[in-house]
Amino acid sequence: MQREQQQPVLITGSTSGIGLAIANSMARAGHPVMLHGLASVEQGEDLQRQFRAEYRVDCGFSNADIASEAGCAQLVADTREALGNPGILVNNAGVQHTADAHGFAAEHWHNILAINLSAAFFLSRELLPGMRAANWGRIVNISSVHGLVASQQKAAYCAAKHGLIGLTKVVALENADRGITANAICPGWVETPLIQPQIESIAREQSIDIEAARAQLIGAKQPLAQATKPEAIGELVLYLCGEFASTITGASLPVDGGWTAQ
Ligand SMILES: NC(=O)c1ccc[n+]([C@@H]2O[C@H](COP(=O)([O-])OP(=O)(O)OC[C@H]3O[C@@H](n4cnc5c(N)ncnc54)[C@H](O)[C@@H]3O)[C@@H](O)[C@H]2O)c1
């Protein structure tokens, strides 16, 4: 079914990195966008001004902290106030912390699970009834190659990202008869602030420069040793929300330079 008007989209963690690129792709295509992330109200207003000027779409902003169920409810309330009920949800916000499992602090474990996995569940649960009533909806979960394979020192991240793929499949099955699709995107290395600390730590530990550390980090896992541009993920989300993707559901799509083909 083709929509007459572009549906509003809520993109979590869209003040930075991949989420911001997704917001740009969706707004360029005419979707009203709900921007969200841990930024100040002033930064949020600046971002909204840029989006309105560049794309002439409605937009809103929320800096609700989605590490709790109450924060997720706040984000949904802010979104409905700004744009009405969103027909598209992109669960993108995520955090990372690396340590061996035998020394992984509980605080980091809970935080990663809350933001990278539980928030996607709470937001889907809130928004699915509206999508089901409309007989149309799109949920795109930004998982990771670490939803498909493991790396050392990423116990919480791998657990959350594998869990997100499981959640995606259940939501896809439960809503297949209502014009709603749910898919996961599984990026390898993407050029964003999230991977910067990992590059800096390699540079520090091996006393090499940042570029050499970047090449080492990416080449260690990806046969095609090139980081993906955030814009590439934005365009894939747009495709998954479009007419030609109406039968793609429950899928986990790697964008990983061959990482998981090995
Ligand atoms: N960068 C990569 O190489 C890569 C690879 C695979 C998957 N991913 C996934 O892509 C997603 C986006 O990553 P990114 O690299 O763009 O990260 P980023 O650090 O650039 O952006 C993260 C966004 O999430 C928001 N956020 C974090 N904690 C929050 C909280 N408690 N409440 C509300 N918002 C919060 C931040 O404000 C920001 O907008 C994440 O889920 C990440 O796991 C990234």
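Just so you know, ligand 1 is whichever comes first in the structure, and atom 1 is the first atom listed for that ligand. Any value given below was found using the heavy atoms of this structure, including those in side chains, with hydrogens, waters and symmetry copies removed.
- Considering all non-hydrogen atoms of both residues, A155 and A101 come closest at CB-CB, 4.2 Å.
- Looking only at heavy atoms of the protein, atom 13 (O) of ligand 1 is closest to I18 CD1, 4.1 Å.
- For ligand 1, the polar-atom distance check finds no N/O of G37 at less than 3.5 Å from any of the ligand's N/O atoms.
- Contacts of D65 with ligand 1, taken as heavy-atom pairs under 4.0 Å, involve both backbone and side chain.
- Cluster membership for L113 and V171, using ILVMFWY side-chain heavy atoms within less than 4.5 angstrom, is shared.
- Residue contact check for ligand 1: H36 places a non-hydrogen atom closer than 4.0 Å to it.
- The side chain of T192, and not its backbone, has at least one atom closer than 4.0 Å to an atom of ligand 1 (non-hydrogen atoms only; side chain from C-beta on).
- Residue-level proximity to ligand 1 for I195 is carried by the side chain, the only part with a heavy atom below 4.0 angstrom.
- When only non-hydrogen protein atoms are considered, atom 39 (O) of ligand 1 lies nearest to T15 OG1, 2.8 Å.
- Within a 6.0 Å sphere centred on CD of E45, heavy atoms belonging to other residues, nucleotides or ligands number more than 12.
- Ligand 1 lies less than 4.0 angstrom from a heavy atom belonging to S143.
- The closest donor-acceptor contact from the side chain of S14 to the backbone of I11 lies under 3.5 Å.
- In summary, the atoms of ligand 1 found under 4.0 Å from a heavy atom of V95, numbered by their order in the structure, are 27 (C), 28 (N).
- Remark: ligand 1 and G13 share an N or O pair separated by less than 3.5 Å (distance only, no angle test).
- Taking every heavy atom of S144 and a limit of under 4.0 angstrom, the matching atoms of ligand 1 come to 6 (C), 7 (C).
- The nearest protein atom to atom 5 (C) of ligand 1, hydrogens excluded, is given as G188 O, 2.9 Å; this is a heavy-atom distance.
- Counting only distance, with no hydrogens or angles, the side chain of N183 and the backbone of T168 share no donor-acceptor pair below 3.5 Å.
- Near G17, meaning under 4.0 Å from one of its heavy atoms, ligand 1 places the atoms 16 (O), 20 (O).
- Residues Y157 and S144 are in side-chain contact: their nearest non-hydrogen atoms beyond the backbone lie under 4.5 Å apart.
- Close approach of ligand 1 to A93 (heavy-atom distance below 4.0 Å) involves ligand atoms 24 (O), 41 (O).
- From the protein, the heavy atom lying nearest to atom 3 (O) of ligand 1 is V190 N, 2.8 Å.
- Polar contact check, K161 against ligand 1: a nitrogen or oxygen pair lies under 3.5 Å apart.
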Got a list of side-chain donor-acceptor pairs under 3.5 Å for residues 91-99, not counting sequence neighbours?
unit_1, atom_1, unit_2, atom_2, d
N91, ND2, N141, OD1, 2.8
N92, ND2, T12, O, 3.0
N92, ND2, G13, O, 3.0

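- Residue P193 approaches ligand 1 through these ligand atoms, each under 4.0 Å from one of its heavy atoms: 20 (O).
- Listed for the E81 side chain is no donor-acceptor partner under 3.5 Å among the backbone atoms of D78.
- At the shortest separation from atom 20 (O) of ligand 1 among protein heavy atoms lies S16 OG, 2.7 Å.
- With sequence neighbours left out, the side chain to side chain contact (heavy atoms under 4.5 Å, CB included) criterion links F51 to L20, A23, N24, A27, V33, L35, L47, Y55, C59.
- The cluster map of Ile, Leu, Val, Met, Phe, Trp and Tyr, joined by side-chain heavy atoms under 4.5 Å apart, puts I115 and I22 in different clusters.
- Contact analysis leaves A119 out of contact with ligand 1, as no non-hydrogen atom separation drops below 4.0 angstrom.
- For ligand 1, the polar-atom distance check finds an N/O of I66 within less than 3.5 Å of one of the ligand's N/O atoms.
- Heavy-atom contacts of W189 reach the following atoms of ligand 1: 3 (O) (cutoff under 4.0 Å).
- The side-chain heavy atoms of I88 and M26, taken from C-beta on, include a pair separated by under 4.5 Å.
- Under 4.0 Å is where a charged nitrogen must lie from a carboxylate oxygen, and between R214 and E191 at least one such pair does.
- Within the listing of ligand 1, atoms 22 (C), 24 (O), 40 (C), 41 (O) sit less than 4.0 angstrom from a heavy atom of G94.
- Of the protein's heavy atoms, N92 O, 2.7 Å lies nearest to atom 41 (O) of ligand 1.
- Side-chain atoms of W259 do not come within 3.5 Å of backbone N or O of V145 as any donor-acceptor pair.
- Residues H36 and T15 bring no donor and acceptor atom of their side chains to less than 3.5 Å of each other.
- The closest protein non-hydrogen atom to atom 6 (C) of ligand 1 is P187 O, 3.3 Å.
- For a threshold of 3.5 Å applied to N or O pairs, the pair formed by L38 and ligand 1 contains at least one separation below that value.
- In this structure, R125 pairs ionically with E69, as a charged nitrogen and a carboxylate oxygen lie closer than 4.0 Å.
- No side-chain donor from either of N111 and E107 sits under 3.5 Å from a side-chain acceptor of the other.
- With a 4.0 Å heavy-atom cut-off, ligand 1 is reached by no atom of N63.
- At least one heavy atom of A64 sits under 4.0 Å from some atom of ligand 1.
- Distances between N or O atoms of Y157 and those of ligand 1 include at least one value under 3.5 Å.
- A salt bridge does not link K169 with E174: every distance from a Lys NZ or Arg NE/NH1/NH2 to an Asp or Glu carboxylate oxygen is 4.0 Å or more.
- Using 4.0 Å as the threshold, E191 has no heavy atom nearer than that to any atom of ligand 1.
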